[in-house]
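Reminder, nothing fancy here: chain letters follow the sequence lines and each chain counts from 1.
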There are 2 protein chains.
Amino acid sequence: MPVELRPSQALKLWHDVTLDLVRDGETDLTARQMTILLTVYLEPPPHTVRGLATKLGVTKPAITRALDTMGERGLVDRRRDERDRRNVLIQRTVAGALWVEKLGDDIVLRAKHLPR
Amino acid sequence: MPVELRPSQALKLWHDVTLDLVRDGETDLTARQMTILLTVYLEPPPHTVRGLATKLGVTKPAITRALDTMGERGLVDRRRDERDRRNVLIQRTVAGALWVEKLGDDIVLRAKHLPR
DNA sequence: GCGTACTATTCCGCCTCCGAAACGAAAAGG
DNA sequence: CCTTTTCGTTTCGGAGGCGGAATAGTACGC
């Protein structure tokens, strides 16, 4: 029972949710930041800079910069890996979890009101 | 028969599609640009700078700049309104229609493969 | 130990975006 | 007419993202 969605519905859903993000004004995450945030909160840890860079197909400095920005906003946190102190483990935060949860609820709500 | 979607599915869908956009590398539209593009292609014309600014809750220069960028990429076009020459009407393009169509297909495909 | 490999970060110049204000063109209203 | 209003655009200084090279710190084979 996969999720059934017609192209017109899919596009309207994408439009509606993105509009909500724009009108919110608070966050304005880039596509990269959004992907990193959702990866950290959806996939099982540990998450490293290198792993994220490989997954997204971008350079490591790009990941570091994105983590800097999101870290200042309290959406993610960083900690040294004590087993291998070269690594940095990206950690979840309460604020980040709440933000992601809110996004999920918004998408569900927008999907519910799509024309059939 | 609305579209049924659980929060975890919604977030995974958002993650997967955004990841595709990041890995594509070509386009990297901002959230504002994405919203403008989808508005122009989903909602009936005419579309004006002022109308888009009001809808998105941003200033008019922000819309002008976004249209500049997307215009250079051939995703939208601009034309003077001959009835009221103060207005600028935002027009669709073939390239833009193809891009939007591709996005819709991608979302549908990603939704189809979500875990139940 | 010492060089090598690997981690993440910092630095550099470049480019795009931002909001606010000023601007020119065109319509509306006296 | 001519003033006012309404468009969209341009300009300004500032903030932040970008890619890529260079850097500092850590692990590991020899």
Side-chain angles (χ1 to χ4, degrees), chain A residues 18-19 21-40 45-92, chain B residues 18-19 21-40 45-92:
Chain A
T18 308
L19 176 60
L21 292 174
V22 169
R23 300 192 71 155
D24 170 23
E26 279 300 305
T27 41
D28 77 311
L29 299 175
T30 66
R32 289 181 180 183
Q33 292 168 350
M34 175 72 77
T35 307
I36 292 172
L37 189 63
L38 290 178
T39 299
V40 169
H47 299 285
T48 64
V49 173
R50 171 176 171 72
L52 292 171
T54 300
K55 174 178 175 176
L56 272 67
V58 301
T59 61
K60 287 189 289 182
I63 302 296
T64 295
R65 286 188 298 261
L67 291 176
D68 288 342
T69 303
M70 291 191 290
E72 290 176 2
R73 302 187 187 182
L75 296 176
V76 295
D77 198 6
R78 276 184 278 198
R79 170 186 291 180
R80 273 286 162 202
D81 182 355
E82 292 303 332
R83 305 189 181 196
D84 184 342
R85 292 186 54 78
R86 289 175 302 183
N87 288 331
V88 162
L89 304 179
I90 292 91
Q91 314 248 298
R92 301 170 186 172
Chain B
T18 309
L19 176 59
L21 292 175
V22 169
R23 301 193 73 158
D24 171 24
E26 279 300 306
T27 42
D28 77 309
L29 299 174
T30 67
R32 290 180 179 184
Q33 292 168 350
M34 176 73 77
T35 307
I36 293 171
L37 189 63
L38 290 179
T39 298
V40 169
H47 300 284
T48 64
V49 172
R50 172 174 176 73
L52 291 171
T54 300
K55 173 177 176 177
L56 272 66
V58 301
T59 60
K60 285 189 295 179
I63 302 296
T64 295
R65 285 188 297 261
L67 292 176
D68 288 342
T69 302
M70 291 191 292
E72 289 176 2
R73 302 187 187 181
L75 296 175
V76 296
D77 198 4
R78 276 185 277 200
R79 169 185 292 179
R80 275 284 163 204
D81 182 355
E82 292 302 332
R83 304 191 180 194
D84 183 343
R85 293 185 53 78
R86 291 174 300 182
N87 288 331
V88 163
L89 304 179
I90 292 91
Q91 314 248 298
R92 302 170 186 173

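- B/Arg78 places no side-chain N or O within donor-acceptor distance of the main-chain N or O of B/Gln91, the cut-off being under 3.5 Å.
- In this entry the distance linking CG of B/Leu52 with P of D/dT9 reads 11 Å, nearest Å.
- Between the CG atom of B/Leu67 and the P atom of D/dC7 there is a distance of 16 Å, rounded to whole Å.
- In this structure, A/Met34 atom CE and D/dG17 atom C1' are separated by 16 Å, rounded to whole Å.
- With A/Arg50 contributing its side chain and A/Lys60 its backbone, the two residues share no donor-acceptor pair below 3.5 Å.
- OP1 or OP2 of C/dC17 sits under 4.0 Å from a side-chain N or O of B/Thr69.
- Looking at which nucleotide of DNA chain D each of B/Pro61 and A/Ala66 is closest to, the 5′-most match is held by B/Pro61.
- Across the protein-nucleic acid pair, A/Asn87 atom CG and D/dA27 atom P stand 9 Å apart, rounded to whole Å.
- Around the CZ atom of A/Arg79, the shell of radius 6.0 Å holds no more than 12 heavy atoms that belong to other residues, nucleotides or ligands.
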N/O contacts under 3.5 Å, protein versus nucleotides 26-30 of chain C?
from, atom 1, to, atom 2, distance (Å)
C/dA27, OP1, B/Arg85, N, 3.0

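- For the pair A/Ile36 CD1 and D/dG17 P, the computed distance is 11 Å after rounding to whole Å.
- Note on B/Arg78: a side-chain N or O is less than 4.0 Å away from OP1 or OP2 of D/dT9.
- Atom NZ of B/Lys60 is separated from atom P of D/dT11 by 17 Å (rounded to the nearest Å).
- A/Leu37 CG to A/Ile90 CD1: the interatomic distance, rounded to the nearest 0.5 Å, is 12.0 Å.
- Proximity of B/Arg80 to the phosphate of D/dG8: no side-chain N or O atom is located under 4.0 Å from OP1 or OP2.
- The distance between atom CG of B/Asp68 and atom C1' of C/dC18, rounded to the nearest whole Å, is 14 Å.
- Between A/Asp81 and A/Arg83 there is no salt bridge, since no side-chain nitrogen of the basic residue lies less than 4.0 Å from a carboxylate oxygen of the acidic one.
- The side chain of A/Gln33 lies closest to D/dG17, out of C/dA20, D/dG17, C/dA8.
- Note that CG of B/Leu19 and OG1 of A/Thr39 are 6.5 Å apart. Values are rounded to the nearest 0.5 Å.
- B/Thr30 has no side-chain polar atom (N or O) that falls below the 4.0 Å cut-off from OP1 or OP2 of C/dT16.
- Checking side-chain atoms of B/Arg85 against main-chain N and O of B/Arg80 turns up no donor-acceptor pair under 3.5 Å.
- Counting to the nearest Å, the P atom of D/dG8 and the CZ atom of B/Arg65 are 15 Å from each other.
- Looking at the side chain of A/Thr64, the nearest of the listed nucleotides D/dG8, D/dG19, C/dT9 is C/dT9.
- Nucleic acid contact class of A/Ala62 (heavy atoms, under 4.0 Å, all strands): sugar-phosphate only.
- Closest to the A/Thr59 side chain, of the nucleotides D/dC7, D/dG19, D/dA21, is D/dG19.
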